[in-house]
Number of protein chains: 2
Amino acid sequence: MKSNEAKKEFIQAWGSLGSSWGINRTMSSIHALLMSSPKALSTEEIMEELQISRGNANMNIRALIDWGLVKKRFIPGERKEFFEAGKDIWEIARQIASERKRRELSPVLEVIGRLKETEDQSDPEFTALLKDMHEFTATLTNVMDRFQQSDRNWFFKKLIKLIS
Amino acid sequence: MKSNEAKKEFIQAWGSLGSSWGINRTMSSIHALLMSSPKALSTEEIMEELQISRGNANMNIRALIDWGLVKKRFIPGERKEFFEAGKDIWEIARQIASERKRRELSPVLEVIGRLKETEDQSDPEFTALLKDMHEFTATLTNVMDRFQQSDRNWFFKKLIKLIS
DNA sequence: CAGAACTTTCAATAAATATTGAAAATAATA
DNA sequence: TATTATTTTCAATATTTATTGAAAGTTCTG
């Protein structure tokens, strides 16, 4: 199979993975396209490749930059902007985990923490649920923070240790 | 704050968490309602509490059962069905992780594995990306499998060790 | 500074997804 | 078996989310 076909399939797969996890399909497709491209691409090239409108391309490129997954790249002699994605899968995972935690998990954890402190404990089972959730998420948050601060090798080694 | 108000807020929070992670809001709200209820609830009680239609309630209860998050409960002398959700947060997390892996992650990993085997390696950078992804996901899959097989204490202890 | 190249915005529109409600199916009771 | 209670299904509808494209904004260049 030609790399080009493989890339197309990869873009499809990554796009549908994103959309089943609440990230819009175009955004993850652009990400996949940039990950699999050896060179930085312009908005026009992205539009062309994925058959999407300029507005759509622009918005989703901005979102990717906002997530820290894509960077602008200036090319000497060129007037337009080019974009490239990081290709270190550990770094990508770290970035995605970190952003999702910040955007979608933390607000909920905050609510749970507050409820735990303020509810009147008239239903002991519910009180216990809040307590457990708090403990559980504290542990997970801790792990994720370590993951985010760690370098690739440190975390990899720890994981290997964990599963053996 | 009364437990009842706290539960309402919890249901809201859990519902929006679900919807930002690609799970429909009603499904996660029902789950939260059942988690926070000391007794099993009937379809009618769920409809009433969340102000949703019978069809909607029915479909999402089925989905929750399908995910292994909710169980039917027969109450002697009652003709209708009652539903209850497990309340062990480790078990809930394990179940959700396991289902999401099976439904949404595995198919993509299969594609990546296949591409890695069959693409013609004409773009070495792309080949390296596939290889890294494969390695990364193999490690994660391994960790998740352990998590799923483990009992709560085992995994908890391992995590504590990992982060210290 | 004028004009060209390029980027951003956003109201209109399209597409995807969720919800309703009533009819059909099923199960329980007498 | 006929009646009633309960659950399931699904076409119609509503809601949410994504996309377009053209106008407005910006930046660069001669």
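Note: hydrogens, waters and symmetry copies are ignored here, and every other heavy atom, side chains too, is used. Here the structure is a predicted model, which is why all the values come from computation and not from measurement.
Qualifying side chain to side chain contact (heavy atoms under 4.5 Å, CB included) partners for R103(A), counting only residues two or more places apart in sequence or in other chains: D66(A), W67(A), E99(A). For N56(A), the side chain to side chain contact (heavy atoms under 4.5 Å, CB included) criterion is met by T26(A), I52(A), S53(A), N60(A), not counting sequence neighbours. Annotation: salt bridge (Lys or Arg N to Asp or Glu O under 4.0 Å) contacts of K72(A) (sequence neighbours excluded): E81(A). The side chain to side chain contact (heavy atoms under 4.5 Å, CB included) check on K39(B) picks up S37(B), L41(B), E45(B), with sequence neighbours excluded. Under the side chain to side chain contact (heavy atoms under 4.5 Å, CB included) criterion, T137(B) pairs with L109(B), not counting sequence neighbours. F83(A) is linked by a ring-ring contact (aromatic ring centres under 6.0 Å, His included) to nothing, counting only residues two or more places apart in sequence or in another chain.
Heavy-atom distances to DNA chain C give each of M59(B) and N56(A) a nearest nucleotide, and the one nearer the 5′ end belongs to N56(A).
Annotation: cation-pi pair R100(B)/W21(A) present, NZ/CZ under 6.0 Å from the ring centroid and within 45° of its normal.
The CD atom of E49(B) sits 11.5 Å away from the CD1 atom of I30(B) when rounded to the nearest 0.5 Å.
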Do any N or O atoms of the protein come closer than 3.5 Å to N or O atoms of nucleotides 2-8 of chain D, and which pairs are they?
{"from": "dT4(D)", "atom 1": "O2", "to": "R79(B)", "atom 2": "NH2", "distance (Å)": "3.4"}
{"from": "dA5(D)", "atom 1": "O4'", "to": "R79(B)", "atom 2": "NH2", "distance (Å)": "3.4"}
{"from": "dT7(D)", "atom 1": "OP1", "to": "E81(B)", "atom 2": "N", "distance (Å)": "2.8"}
{"from": "dT8(D)", "atom 1": "OP2", "to": "N58(B)", "atom 2": "ND2", "distance (Å)": "2.4"}
{"from": "dT8(D)", "atom 1": "OP2", "to": "R62(B)", "atom 2": "NE", "distance (Å)": "3.0"}
{"from": "dT8(D)", "atom 1": "OP2", "to": "R62(B)", "atom 2": "NH2", "distance (Å)": "2.7"}

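When all heavy atoms of A97(A) and M144(A) are compared, the pair lying nearest together is O-CE, 3.4 Å.
Apart from I75(B) itself, the hydrophobic cluster it occupies contains F82(B), where clustering links Ile, Leu, Val, Met, Phe, Trp and Tyr at side-chain heavy-atom distances under 4.5 Å.
The backbone N or O of E48(B) lies less than 3.5 Å from a partner atom in the side chain of Q51(B), making a donor-acceptor pair.
Contacts with DNA chain C (heavy atom under 4.0 Å) in residues 24-37 of chain B: N24(B), T26(B), listed by number. Taking a 4.0 Å limit (strictly below) on heavy-atom distances, residues 10-22 of chain B does not reach DNA chain C anywhere.
With a heavy-atom cut-off of 4.0 Å to chain B, the contacted part of DNA chain C has its first and last nucleotide at dA18(C) to dT29(C).
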For residues 123-130 of chain A, run the donor-acceptor check on the side chains, cut-off 3.5 Å, and write out each pair with its distance to 0.1 Å, sequence neighbours left out.
{"from": "D123(A)", "atom 1": "OD1", "to": "E125(A)", "atom 2": "N", "distance (Å)": "3.0"}
{"from": "D123(A)", "atom 1": "OD1", "to": "F126(A)", "atom 2": "N", "distance (Å)": "3.3"}
{"from": "D123(A)", "atom 1": "OD2", "to": "K7(B)", "atom 2": "NZ", "distance (Å)": "2.8"}
{"from": "T127(A)", "atom 1": "OG1", "to": "E119(A)", "atom 2": "OE2", "distance (Å)": "2.6"}
{"from": "T127(A)", "atom 1": "OG1", "to": "D123(A)", "atom 2": "O", "distance (Å)": "3.2"}

